[in-house]
Amino acid sequence: MSRWTEMAGKTSGEDYAARFASLARSGEDVHGEARFCAALVPAGARVLDAGCGTGRIMIRLAELGYDCVGVDLDASMLAVAREQAPGLPWFQLDLAEFEPAPLGFASDFDLVVAAGNVFPLLTPGTEATVVKHLSAALRPGGLLVAGFGLDEAHLPVEPSLTLSEYDDCCAAAGLTLVDRFATWDADPYDGGGYAVSVHRG
């Protein structure tokens with residue numbers, strides 16, 4: 001079982017969406033991840049939102065002209081995504097079992113984004129497998145972007161994945177570190193408890 005499923009249960013989608021809607025109403029910027037991705041690849045590029053949740057990032061990218069696909073394990077999160085954007089392609093499956101071909105699309109994504117602590121919330125021991133599958137979905141030269149917490153202050157669960165371990169998973173999948181930031185606003189990474197990593201295939 002994934003750490004997300006253990007933590008969130010089966011009715012997390014509406015609560016999660018409501019929290020971000022409240023932040024947006026209060027004037028908070030809730031599109032930092034989408035803006036970060038849009039700075040890396042041009043409009044029209046193919047983007048896979050791995051662990052898309054309620055679709056907040058993917059819906060925004062689609063509005064900006066990106067060709068997006070969303071994948072998530074959580075049915076309640078996807079129900080919200082499908083309600084908000086029924087015309088976009090949403091798929092429910094474990095990222096450890098993700099392969100584009102059976103779902104009917106090509107392995108030629110320009111960018112794969114895994115935001116929202118996707119990697120620390122995977123089923124323990126599947127991190128390398130997930131990186132391998134996501135890497136295989138990229139076109140040559142495509143980018144894998146992942147942002148996740150590294151300590152208790154930035155995670156809803158006990159820390160389980162270090163940056164060096166994540167980099168090792170990426171290297172094993174043929175990916176090279178391009179850049180690393182402390183936030184989705186591209187602040188320089190200084191060794192803190194949250195990192196956004198960009199790897200190239």
### Query
Between Ala195 and Tyr189, which heavy-atom pair has the shortest distance, and what is it?
CB-CE1, 3.7 Å
### Message
Between Leu103 and Leu93, does the side chain to side chain contact (heavy atoms under 4.5 Å, CB included) criterion hold? Intermediate values first, please.
### Response
CA-CA 10 Å; Leu103 301 178; Leu93 74 160; 4.2 Å; yes
### Query
Under a 4.5 Å cut-off applied to non-hydrogen side-chain atoms, are Val198 and Phe36 in contact?
yes
### Query
For the residue pair Cys169 and Val131, what are the closest heavy atoms and their distance?
O-CG1, 3.7 Å
### Message
Do Trp90 and Phe98 sit in one hydrophobic cluster, given that two such residues count as connected whenever their side-chain heavy atoms are within less than 4.5 Å of each other, even indirectly?
### Response
no
### Summary
For Thr126 and Ala96, the nearest pair of non-hydrogen atoms, with its separation, is CB-CB, 4.2 Å
### Task
Say whether Asn117 and His154, considering side chains only, have a donor N or O and an acceptor N or O under 3.5 Å apart.
no
### Query
Under the salt bridge (charged side-chain N to carboxylate O under 4.0 Å, His left out) criterion, do Arg46 and Asp110 qualify, and how do the steps go?
CA-CA 5 Å; Arg46 297 196 71 226; Asp110 300 289; over 6 Å; no
### Task
Taking the side chain as every heavy atom from C-beta outward, state whether Met58 and Leu88 have any pair of such atoms under 4.5 Å apart.
yes
### Task
For side chain to side chain contact (heavy atoms under 4.5 Å, CB included), just list the numbers for Leu48 and Leu134, CA-CA rounded to whole Å, side-chain angles, deciding distance to a tenth of an Å, and then say yes or no.
CA-CA 9 Å; Leu48 172 67; Leu134 298 183; 4.0 Å; yes
### Nearest-0.5 Å distance that lies between atom CG in Leu150 and atom CG in Leu155
7.0 Å
### Task
State whether the side chain of Arg200 and the backbone N or O of Val178 hold a donor-acceptor pair below 3.5 Å, judged by distance alone.
no
### Task
Would you confirm whether Asp72, through its side chain, and Gly53, through its main-chain N or O, come within 3.5 Å as a donor-acceptor pair?
yes
### Task
Report yes or no: do Val112 and Tyr166 belong to one cluster of Ile/Leu/Val/Met/Phe/Trp/Tyr joined by side chain heavy-atom distances under 4.5 Å?
yes
### Query
Among side-chain atoms of Arg180 and Ser197, is any donor-acceptor pair under 3.5 angstrom?
yes
### Task
Report yes if the distance between the aromatic ring centroids of Tyr194 and Phe181 is under 6.0 Å, otherwise no.
no
### Message
Has Tyr66 got a side-chain atom pairing as donor or acceptor with Val41's backbone, closer than 3.5 angstrom?
### Response
yes
### Query
For the atom pair CG (Leu177) and SG (Cys170), what is the distance rounded to the nearest 0.5 Å?
8.0 Å
### Ser107 OG to His133 NE2 distance, which is reported to the nearest 0.5 Å
11.0 Å
### Query
Are Trp184 and Ile59 linked, directly or through other ILVMFWY residues, by side chains that come within less than 4.5 angstrom of each other?
no
### Task
Quick one: pull up NE2 in His199 and OG in Ser135 and give me the separation to the nearest 0.5 Å.
10.5 Å
### Query
Checking salt bridge (charged side-chain N to carboxylate O under 4.0 Å, His left out) for the pair Glu33/Arg56: CA distance, chi angles, key distance, verdict?
CA-CA 9 Å; Glu33 300 99 329; Arg56 175 177 54 87; 2.9 Å; yes
### Atom pair CG (Asp94) and OG1 (Thr123), whose distance is rounded to the nearest 0.5 Å
5.5 Å
### Message
Is any side-chain heavy atom of Glu127 closer than 4.5 Å to one of Glu165?
### Response
no
### Query
Is it true that the side chains of Thr183 and Asp185 contain a donor and an acceptor less than 3.5 Å apart?
no
### Message
Is there a path of hydrophobic side-chain contacts, each under 4.5 Å between heavy atoms, that joins Phe109 and Val118?
### Response
yes
### Nearest non-hydrogen partners of Pro120 and Gly149, listed with the distance
CG-O, 3.9 Å
### Message
Quick one, Leu95 with Val71, criterion side chain to side chain contact (heavy atoms under 4.5 Å, CB included). Give me CA distance, side-chain angles, the key distance, then yes/no.
### Response
CA-CA 8 Å; Leu95 290 174; Val71 176; 3.8 Å; yes
### Query
Can you hop from Leu161 to Leu122 via hydrophobic side chains spaced under 4.5 Å?
yes
### Message
Give me the atom names and distance for the closest heavy-atom approach of Ala34 to Leu61.
### Response
O-CD2, 3.5 Å
### Task
Using a 4.5 Å cut-off on heavy atoms from C-beta on, say whether the side chain of Lys132 contacts that of Thr129.
no
## Note on the structure
Tightest non-hydrogen contact, residues Ala62 and Cys68, listed as N-SG, 3.9 Å
### Query
Heavy atoms, side chains only, cut-off 4.5 Å: are Leu64 and Arg60 in contact?
yes
### Task
Evaluate the criterion side chain to side chain contact (heavy atoms under 4.5 Å, CB included) for residue pair Phe148 and Leu163; output intermediate values, then yes/no.
CA-CA 9 Å; Phe148 55 87; Leu163 278 181; 4.3 Å; yes
### Task
Identify which one of Leu111, Leu175, Asp108, Leu143 satisfies the side-chain contact (heavy atoms from CB on, under 4.5 Å) criterion when paired with Leu138.
Leu175
